[in-house]
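Numbering starts at 1 and runs along the sequence shown.
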Amino acid sequence: MAADKLEIFSWWTSGGESAALQALIDGFKEHYPSTEITNAAVAGGGGTNALPVLQARLAGGTPPDTWQGNSGTAFFNSYADPGYIDDVTDLYKSEGWEKTMSPGVLDLVRKNGKYYAVMVGAHRCNEVWFNKPLLAKNGVEIGDSLSFDQFFAAAEKLKAAGVNALAVGDNGIWANMRMLENTFNGVLGYDQTVQLWDGKLAFNSPQMKEAYKTHLRMLDYQNPDHSALSWDQAVKKVIEGSSAFTMMGDWSYGEFAKAGAKDGVDFGWVSHPGTEDIFIIVTDGFPIAKDAPNPESARNWLKVMGDPKVQLAFSLKKGSVATRLDVDKSTLPAYLQWSFEKFAKNKFTGSSVNGEQVPSSFNQSSFDALTTFVVDKNIDAFADNMQAAFDAIPKT
């Protein structure tokens, strides 16, 4: 079949996400200019709208050629185990990616010795972003790290000055869970977080209840219209100066960059409290559908996704770090330099929100529990519901 068409499915529709996807398409077009590309993006942060559409297409036998996916447990459960995607190990061999890509990332896309996707970027989920001029105007200084006590002191000072401290956009509840996961990583620390996902520390343990309590306290400082906004609209509040902080993964960087904000001048960043040595990782990449309408084009797309120049161009728009270790980092802006250093030195924990640690069934149950919790604020009931969601994960 002639490699003349390609359908790419994703949920990259925000300003920064769209620009990042276009960087990938532009890189592909340099190599395959005659291929006609269909951008089948479905709006909705975290894939809340796109994933059900994708699953229906796969189950119905009408898959796109390739799609945006996050590696890990949910990826394998949803796509590899049911036989919806091809084994692409031969590409890793022919392109030499096992020698050039991060070993930690390789582990996330390999199962039983086989590779099932090519990851173009790795995001650090646990960042706090802030408007530097707004904080300076209100006498708030942020150093190289931020503790929970320091955040609450800053939030109180801002509140007293009539400034909204924390921008949240959780019309998709995943964004609220993103904050909570960052917080419990910070409260627990790396070792206890590993114990949590290994089932050795309960979701209804005293340590986790302390994290839930801290999360509720943070939400006391959120914008009143949070439930009407998307995650990127919350970032926009920080960019425009109507809110001081937002707590979100480094795909936020793409929104700052798209708006023309300058690293370290217009905005700053710091690790979520307690997570300076942790890299909560979520990777972006692409598999090939088992019955792809245009398999040759899909293979060509994956080859380009492994190109260091294309990965770097994507990083600049998306805020992620390249999965290849041999990219030229010398010209990167300040945030990406900082993030690459974290990528090299931090300990990885997978993001449950994006399915790195758990199957999608856990996500749905935990999202439902959180939707109730942020209204009734019943810590004990939420803790038990979270443990029940974890206990319901099929044991392998």
Side-chain angles (χ1 to χ4, degrees), residues 11-23 41 43-46 48 123-143 146 150-176 178-179 182 218-273 315-320 333-336 338-339 374:
W11 58 84
W12 288 336
T13 58
S14 77
E17 290 172 335
S18 295
L21 177 57
Q22 190 60 49
T48 49
H123 280 293
R124 190 173 192 258
C125 299
N126 45 309
E127 318 294 42
V128 177
W129 307 88
F130 52 90
N131 184 303
K132 291 197 67 158
L134 180 61
L135 291 188
K137 179 180 178 181
N138 288 278
V140 175
E141 294 184 9
I142 304 296
L146 180 70
Q150 287 171 331
F151 170 76
F152 289 125
E156 275 298 312
K157 191 170 187 178
L158 292 163
K159 182 179 179 180
V163 177
N164 186 73
L166 180 61
V168 176
D170 60 357
N171 63 2
I173 195 63
W174 71 270
N176 199 298
R178 170 76 279 131
M179 287 178 53
N182 292 348
M218 284 181 163
L219 295 182
D220 285 340
Y221 298 100
Q222 69 184 339
N223 43 301
D225 60 345
H226 63 92
S227 63
L229 302 182
S230 58
W231 71 269
D232 51 307
Q233 289 174 315
V235 176
K236 186 177 181 181
K237 280 182 170 289
V238 176
I239 294 171
E240 295 178 343
S242 62
S243 292
F245 296 95
T246 194
M247 298 173 172
M248 184 52 64
D250 61 10
W251 44 92
S252 302
Y253 180 82
E255 303 306 308
F256 286 103
K258 181 72 173 177
K262 303 300 181 185
D263 301 36
V265 177
D266 300 312
F267 69 97
W269 60 89
V270 70
S271 296
H272 196 91
S315 291
L316 289 167
K317 301 295 185 181
K318 190 68 156 51
S320 56
Y335 172 74
L336 288 173
W338 180 89
S339 185
V374 296

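Contacts classified as salt bridge (charged side-chain N to carboxylate O under 4.0 Å, His left out) and involving residues 131-141 (residues at least two apart or in different chains) are not found. Evaluation of the side-chain hydrogen bond (donor to acceptor under 3.5 Å, both in side chains) test over residues 232-241, restricted to residues two or more places apart or in two chains, returns S230-D232, S230-Q233.
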Distance-only donor-acceptor pairs under 3.5 Å for side chains of residues 153-162, two or more places apart:
from	atom 1	to	atom 2	distance (Å)
E156	OE2	Y221	OH	2.5
K157	NZ	G139	O	2.8

List the atom pairs, donor and acceptor, that lie under 3.5 Å between side-chain atoms in residues 252-260 and the rest of the protein, sequence neighbours left out.
from	atom 1	to	atom 2	distance (Å)
S252	OG	G249	O	2.8
Y253	OH	D263	OD1	3.1
Y253	OH	D263	OD2	3.2
E255	OE2	S14	OG	2.7
E255	OE2	G16	N	2.9

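Across all their heavy atoms, G241 and L134 have their closest contact at O-CD2, 3.5 Å. Closest approach of S315 to L336, counting heavy atoms only: O-CD1, 3.6 Å. Heavy atoms only, all atoms of each residue included: G143 and V270 are closest at O-CG2, 4.2 Å. Pairing each heavy atom of W231 with each of A175, the nearest pair is CB-CB, 4.4 Å.
Atom CG of residue L166 and atom OG of residue S243 lie 7.5 Å apart, to the nearest 0.5 angstrom. Between the CE atom of M247 and the CZ atom of R178 there is a distance of 12.5 Å, given to the nearest 0.5 Å. In this structure, CE in M218 is found 11.5 Å from CG in N176, a value given to the nearest 0.5 Å. Here the straight-line distance linking atom CG of N131 with atom CG of D266 works out to 7.5 Å at 0.5 Å rounding. Within the model, atoms CG of N164 and OG of S242 stand 7.5 Å from one another, a figure rounded to the nearest 0.5 Å. A distance of 4.5 Å separates CH2 of W129 from OH of Y335, quoted to the nearest 0.5 Å.
Results of the side chain to side chain contact (heavy atoms under 4.5 Å, CB included) test with F130 over T246, L146, L135 single out L135 as the only residue that passes.
In terms of modelled atom types and a separation under 3.5 Å, the side chain of S18 and the main chain of T13 share a donor-acceptor contact.
Residues passing the salt bridge (charged side-chain N to carboxylate O under 4.0 Å, His left out) test with E127 are R124, sequence neighbours excluded. For N171, there are no side-chain hydrogen bond (donor to acceptor under 3.5 Å, both in side chains) partners at least two apart in sequence or on another chain.
Between W269 and W338, the ring-plane angle classifies as perpendicular under the 30° and 60° cut-offs.
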Exercise. Could you walk me through whether Q22 and K317 pass side chain to side chain contact (heavy atoms under 4.5 Å, CB included), step by step?
Key: CA-CA 9 Å; Q22 190 60 49; K317 301 295 185 181; over 6 Å; no
Exercise. Applying side chain to side chain contact (heavy atoms under 4.5 Å, CB included), run through I142 and V128 and close with a yes or a no.
Key: CA-CA 11 Å; I142 304 296; V128 177; over 6 Å; no
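N223 has its side chain within reach of L229: a pair of non-hydrogen atoms, C-beta onward, lies under 4.5 Å apart.
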